Amino acid sequence: MPTTIASAAPAVDIASLAHHTGQTVTLRGWVYHLRSSGKVRFLVLRDGSGMAQGVLVKGRLPEDDFQQFERLTLESSVMLEGLVRAEPRAPGGYELEVTRVIPVQIAPEYPISPKEHGVAFLMDRRHLWLRSPRQQAILRIRDEVCRACRDFFHDRGFVLIDTPILTPTACEGTTSLFETNYLDRGKAYLSQSGQLYLEAAAMALGRVYCFGPTFRAEKSKTRRHLTEFWMVEAEAAFYTLEDIMQLAEALVRFVVLRVLEHQEPQLRLLERDTAPLAEVDGPFPRLSYGQALEELQRHGKDLAWGEDLGADEETVISQLFTRPVLVHRYPKEAKAFYMQPDPEDPRLALCVDMLAPEGYGEIVGGSQRLDDLEALLARIREHNLPQEPLEWYLDLRRYGSVPHSGFGMGIERLVAWICGLHHVRETIPFPRLIDRIYP
RNA sequence: UCCCCGGUAGCUCAGCUGGUAGAGCGGGUGGCUGUUAACCACCUUGUCGGCGGUUCGAAUCCGUCCCGGGGAGCCA
């Protein structure tokens, strides 16, 4: 139950403790750790901004407050009033000499200890797991990544376009969709990409991007897959494949450098070796599909022409370089219906995948879009897609069609790579996986 | 959907070729005036995932189902 007793001292964040040396302040947060050696008691408090140690010395604070310590448990919420002072023995260099202890709510035995836990146990308690320093660091980096993406596009004149989440039909037809009832109008599907809508917006505003959740009902059970994930997608009129490759490269470089610049403490907490990240500050290697096949052959992996690169192949390719690699111009059979054929080799599509280094796989997929109405109609027929729900999309080729290109970047995969995580599930606050929708 | 691995105390795990269920951590009580995942003493904890089978006897062997983890395909 919330306390009705308020502290007279000003409330401050732990992160700003150093600026309040010599002052009496109030910290408000949760108990992270408790230690006692009898008449001297230590309480490590976390408040979201950081952690600080409070010291309770018997006789130097009211006996009632000293005794309140006995009631506290891990993750109990509490307000501590005390004097801030520099203390080399304290973690962080500053501590609070506590003069008042005001419990807000006393927690029962907390299930997550600082010791080891299994993944399933932690995932079932994701709502509590978020409180751990590691998860906080990851979420702060995710926040930085998202803001960097928005800044990048805003700075280049791209307009944010929110594309619909409820859609009447598949964008690509290949992957399975989450289905839902749409009132009296039959089925609707959760968006698996904002691309087609973004193309419409690009014909209105020139350069656009979207940033939102994406849903894929694929039964993919790997470290790189979620059923609900976040994607930033860009689309620009008059952009060629070359333009979009440069844009995607610049975006990844911008985001990674920004995280290195602003989130160094978090990367250190995660024990991430930042040397591979700093590598992005230079041109990304490029490989055509044909060159990729040659490289694979050189490394003992024979792939038939026309086959898409699998996970093993992607790993081999990405390990050839220290920077993300752009693999472009795949056989069009391996790719989606809306891609422009390569004028120099019509068997190829003008598309690109960016593979992250260190085995993290594909983080960007993009292409120049098919802009000719008749060719697009032919491709739709080849892929056995229904034409009627795509009529609006075909209108974009009827009314002032222009060459245009775009790409999508998976936020969780990028964050996983930046943080050096083994699985994307830790990069999103509440992951949705093939067999998990709790909490 | 397919392949591999696992399920034993609140948590992390040990338990060998079948013979009465264990440790560490956590929790509780007491002690300690500077602790750093504190320390010391004592105490606390079980449908061994479910069901069926083999056996004198099953946590252990077999079958099956459930749940979890890792990977593949597909994709970001």
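All values derive from a computational prediction rather than experimental measurement. Letters A, B, ... mirror the listed sequences (proteins, then strands); counts begin at 1.
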Taking only side-chain N and O atoms of A/Arg425, does any of them lie within less than 4.0 angstrom of OP1 or OP2 on B/G70? yes
Taking atom types as they are modelled, is there a donor-acceptor pair under 3.5 Å from the base of B/C75 to the side chain of A/His225? yes
Under-4.0 Å side-chain N/O to phosphate OP1/OP2 contact, A/Lys58 with B/U33: no
Give one of base, sugar-phosphate or nothing for A/Thr214, where a contact means two heavy atoms less than 4.0 Å apart. nothing
Taking the six-membered ring of A/Phe152, is the NZ or CZ of A/Arg156 close enough (under 6.0 Å from the centre) and on axis enough (within 45°)? yes
Find out whether the Lys NZ or Arg CZ of A/Arg85 is both under 6.0 angstrom from the six-membered ring centre of A/Tyr94 and within 45° of the ring's axis. no
Which of the following nucleotides, B/G27, B/U33, B/G34, is nearest to the side chain of A/Glu109? B/G27
Check this for me: does the side-chain of A/Ser220 come within 3.5 Å of the base of B/C75 through a donor and an acceptor? no
Mind checking if A/Ile411 touches a base, just sugar-phosphate, or nothing, with heavy atoms under 4.0 Å? nothing
Any donor-acceptor N/O pair under 3.5 Å between B/C75 base and A/Arg413 side chain: yes
Would you indicate what A/Met409 reaches in the nucleic acid, counting non-hydrogen atoms under 4.0 angstrom: base, sugar-phosphate, or nothing? nothing
Could you check whether the side chain of A/Arg60 and the base of B/G34 have a donor-acceptor pair of N or O atoms closer than 3.5 Å, going by distance alone? no
Sub-4.5 Å side-chain heavy-atom contact between A/Leu160 and A/Tyr209: yes
5' priority, RNA chain B, between A/Arg125 and A/Arg85 [closest heavy atom]: A/Arg125
Among B/G70, B/U33, B/G34, find the nucleotide with the atom closest to the side chain of A/His423. B/G70
Stacked cation flag A/Arg207 on A/Phe158, 6.0 angstrom / 45 deg: yes
So what does A/Gly59 hit on the nucleic acid, given a heavy-atom distance under 4.0 Å: a base, only sugar-phosphate, or nothing? nothing
